[in-house]
Structure formats: C-alpha cells, structure tokens
Amino acid sequence: MTPEPTPDGPLTFSFLTLFPELLAPFASEAILGKARERGLVDVRLVNMRDFSQNKHLKVDDTPYGGGAGMVIRVDVAERALASLPPADEVILFSPAGQPFTQAVAEELAGKSHLVFLCGRYEGFDARVEGLVTRELSVGDFVMMGGEAAAACVLEAVARLRPGVLGDADSHRADSFSSGLLDYPEYTRPLEWQAQEVPEVLRGGNHAAIAAWRREQALKRTLTRRPDLLASAPLTPQDSATLLTLGATPDDLKGWGAPPPPPPKKPKRKKTPDATPSGT
C-alpha cells in the first residue's frame, strides 16, 4: 500500500463529458457532497460541446474508412483539455487500458488534479491517445459511455483522501486494501431467522476478535477469490491458517506464501524424583 497522502489542498477531479448531468448528482450527494462542501474534493464537469466551435454544438463525425457509429473529434478534446489548469494525470477510459484496482486508486489519491475523458458513441479519435498520460479500464465489458466508469473511479479515489471518511482508519481494512476480501460484519439484531452473531464478536476479547476476523478474511478470499492470495501480504501464521482451511502446500508455493511456523514441541512432563527406599 502506498503511504497516506498528505495534500496541501483538495483533490480536483475534472471530467470531460457530453453528459455532465449524469455525474452532477452523483458528485453532490452523501459523503462526496459533504467532502466537496468541506473543501476536501473538487469536481469540475466540463461539457465538451462548449468547445465544438459550431452553432449545432456538434463534437463528432463519421469514421474514416466507413463503419457504424460516430467518433468524437480530437480537436474538440484538445480544446477542452487546454481550458483546464495543468493536471497530474489525464486519463482516458478505454477497454485497452490498465485495469483499475485498489492499488491504482491509492496511487491516484496522492495527486492534486486528475482529468478524465469520458467517451460516447464509438469513442474518441485515436489521436486523443497522444493527449493522455494513462488509459484505464474498469472491467471487461462494454457500456454506452465513460460516465459510469468515472463515477466508480471518483468514489474509489476520493474516499482515500484524509478527512473524507469519518473514521480515518476505516478504509485500511477494506477488501483489496489489505490484499484480502474483507471479513464479515454483523450488527443488531443479535439473532435473525435462527442465525446468530458469532459468539467471539460478543465477548470483548479484542485479540480473539482480531484473530477471528483475519481467519474469516482468509477463508472468504480462499473460497471466493483465491487469485488475490498471490499478491496478498501473507504471514507464516496466515499460511498455517490457510492449510487448516483446505489449501495445500502446493497452493502456498504457487502464491509465494511463507512457510507456516514449525509446530510447537509438546512440553515434556517432569517426572518426580525417585523416592529413596527406606533403610
């Protein structure tokens, strides 16, 4: 995990889009809205139609070589980018981009100004790639535009800024931040449809609770996302726990996990000294 960022001012997100009204409510409500009110995050929605330079606000055209759909012009994107202050990153959402992960979110959270290009129709003219510093993909699926992806990245990155979340440590144990899926959480009612909150969580033994939560995180990850274990920071005790949960020594080797601690030798009972026979 990257070090906690210590910014001097807000993290500014600038989104170049043809539909700013899609992002406006998302960036104005709940925790994001409060973060903006407190000056921790700034969100700028730039309508690319404002840079069309024609009376019909047309920003796209038919593709050279033929084919279906329309392509957003590179000169429109360039003018929109030139209207913004200098940015740390100019990011294009693209299926060919780097997968967006928690590690990428943590990296971006340490920046001051991020610009995102949200495509529509058949996307941008390929020459736009020369105007960006990075391409990102939020998954191997197709959407109608980049605004939904932008909303995902905005929330994932903004919540990592100091002060945005109420509890400064709340994101550290999140799924993926720790390298594992998160442990299960419970609250009232104590019993619901014959399902009770685990007893360990009710006992007040913080060491036992921490051990249980770590075991549950390992169990969930092993069962649902074992691929994450190859990059998780596992300890020798984690390896021992994974073995009890059904992992094999070959699994541990494949994940690059450390060997489990050697089993403790049982303490030998002291035998009482022989009583001397009577004389």
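Quick caveat, the model's predicted, so the values are computed rather than measured.
Residue-environment remark: CG (Leu57) exceeds the threshold of 12 foreign heavy atoms within 6.0 Å. Counting non-hydrogen atoms of neighbouring residues, nucleotides and ligands closer than 6.0 angstrom, the NZ atom of Lys58 exceeds 12 such neighbours. The environment of Glu199 atom CD is sparse: at most 12 non-hydrogen atoms of other residues, nucleotides or ligands sit within 6.0 angstrom. Heavy atoms of other residues, nucleotides or ligands lying less than 6.0 angstrom from CG of Asp140 number 12 at most.
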Check the pair Leu218, Leu180 against side chain to side chain contact (heavy atoms under 4.5 Å, CB included), reporting the backbone distance first and the verdict last.
CA-CA 7 Å; Leu218 290 165; Leu180 304 173; 3.8 Å; yes

Take Glu147 and Cys118 through the test side chain to side chain contact (heavy atoms under 4.5 Å, CB included) and record every step on the way to the result.
CA-CA 6 Å; Glu147 287 78 17; Cys118 304; 3.7 Å; yes

Stepwise side chain to side chain contact (heavy atoms under 4.5 Å, CB included) check, Leu117 with Leu81
CA-CA 9 Å; Leu117 281 76; Leu81 286 171; 4.0 Å; yes

Steps toward side chain to side chain contact (heavy atoms under 4.5 Å, CB included) verdict (Thr62, Met70):
CA-CA 5 Å; Thr62 54; Met70 303 291 281; 3.8 Å; yes

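Smallest separation of non-hydrogen atoms from Pro10 and Gly39: CB-O, 3.2 Å. Across all their heavy atoms, Leu234 and Ala257 have their closest contact at CD1-CB, 3.8 Å. The shortest non-hydrogen separation linking Phe100 to Ala105 is CZ-CB, 3.7 Å. Here the shortest heavy-atom pairing between Pro236 and Pro258 reads N-CG, 3.5 Å. Of all heavy-atom pairs spanning Ser52 and Arg79, the tightest one is O-NH2, 3.6 Å. Of all heavy-atom pairs between Leu16 and Ala77, the closest is CD2-O, 4.2 Å.
Looking at Phe13 and Asp42, their side chains never come closer than 4.5 Å, going by heavy atoms from C-beta outward. Within the 4.5 Å cutoff, side-chain heavy atoms of Thr221 are placed close to those of Leu229. Counting only heavy atoms from C-beta outward, the side chains of Pro85 and Arg44 approach each other to under 4.5 Å. Side-chain atoms of Asn47 and Thr17, non-hydrogen and from C-beta on, never get closer than 4.5 Å to each other. At least one side-chain heavy atom of Leu154 sits less than 4.5 Å from a side-chain heavy atom of Val43. Within the 4.5 Å cutoff, the side chain of Gln98 has no heavy atoms near those of the Glu135 side chain. Here the side chains of Pro99 and Ser137 are not in contact, with every heavy-atom distance at 4.5 Å or above. Arg161 places none of its side-chain heavy atoms less than 4.5 Å from the side chain of Leu40.
Cluster membership check: Val197 does not share its hydrophobic cluster with Tyr183, using side-chain heavy-atom separations under 4.5 Å among Ile, Leu, Val, Met, Phe, Trp and Tyr. Linking ILVMFWY residues whenever their side-chain heavy atoms come closer than 4.5 Å, directly or via other members, places Leu11 and Leu136 in the same cluster. Hydrophobic clustering (side-chain heavy atoms under 4.5 Å, transitive across Ile, Leu, Val, Met, Phe, Trp, Tyr) keeps Trp212 apart from Leu243. Under a hydrophobic-cluster definition in which Ile, Leu, Val, Met, Phe, Trp and Tyr are linked whenever side-chain heavy atoms come within less than 4.5 Å, directly or via other members, Phe93 and Leu84 are assigned to different clusters. Note on Phe124: it clusters hydrophobically with Phe51, by side-chain heavy-atom contacts below 4.5 Å among ILVMFWY residues.
How far CD1 of Ile91 is from OG of Ser14: 11.0 Å, rounded to the nearest 0.5 Å. Interatomic distance, CD of Glu106 versus OG1 of Thr101, reported as 8.0 Å (0.5 Å rounding). Summarising the geometry, atom CG belonging to Asp238 is positioned 4.0 Å from atom CZ belonging to Arg214; distances are rounded to the nearest 0.5 Å. For the atom pair CG of Leu165 and CG of Leu160, the computed distance is 7.5 Å after rounding to the nearest 0.5 Å. Atom CG of Leu222 sits about 11.0 Å away from atom OG1 of Thr241, to the nearest 0.5 Å. Going from atom CD of Glu196 over to atom OH of Tyr186 covers 11.5 Å, rounded to the nearest 0.5 Å.
Judged by distance alone, the side chain of Asp88 and the main-chain N or O of His113 form a donor-acceptor pair under 3.5 Å. Side-chain atoms of Thr133 come within 3.5 Å of backbone N or O of Val90 as a donor-acceptor pair. Checking side-chain atoms of Asp250 against main-chain N and O of Thr248 turns up no donor-acceptor pair under 3.5 Å. Remark: side-chain polar atoms of Asp125 are not paired, donor with acceptor, to backbone N or O of Ile72 under 3.5 angstrom. At distances below 3.5 Å, not a single donor-acceptor pair connects side-chain atoms of Arg120 with backbone N or O atoms of Gly146. Remark: side-chain polar atoms of Arg159 are not paired, donor with acceptor, to backbone N or O of Val164 under 3.5 angstrom. The main-chain N or O of Ala208 is never found under 3.5 Å from a side-chain atom of Arg213 such that the two would form a donor-acceptor pair.
Residues Arg134 and Glu107 are paired through a salt bridge, judged by an N-O separation under 4.0 Å between the basic side chain and the carboxylate. One finds no salt bridge joining Arg220 and Glu215 here, because no Lys/Arg side-chain nitrogen approaches an Asp/Glu carboxylate oxygen to under 4.0 Å. A salt bridge does not link Asp60 to Arg73: none of the charged nitrogens lies less than 4.0 Å from a carboxylate oxygen.
Qualifying ring pair (Phe, Tyr, Trp, His ring centres under 6.0 Å) partners for Phe15, counting only residues two or more places apart in sequence or in other chains: Phe116. Ser231 is linked by a side chain to side chain donor-acceptor pair (under 3.5 Å) to nothing, counting only residues two or more places apart in sequence or in another chain.
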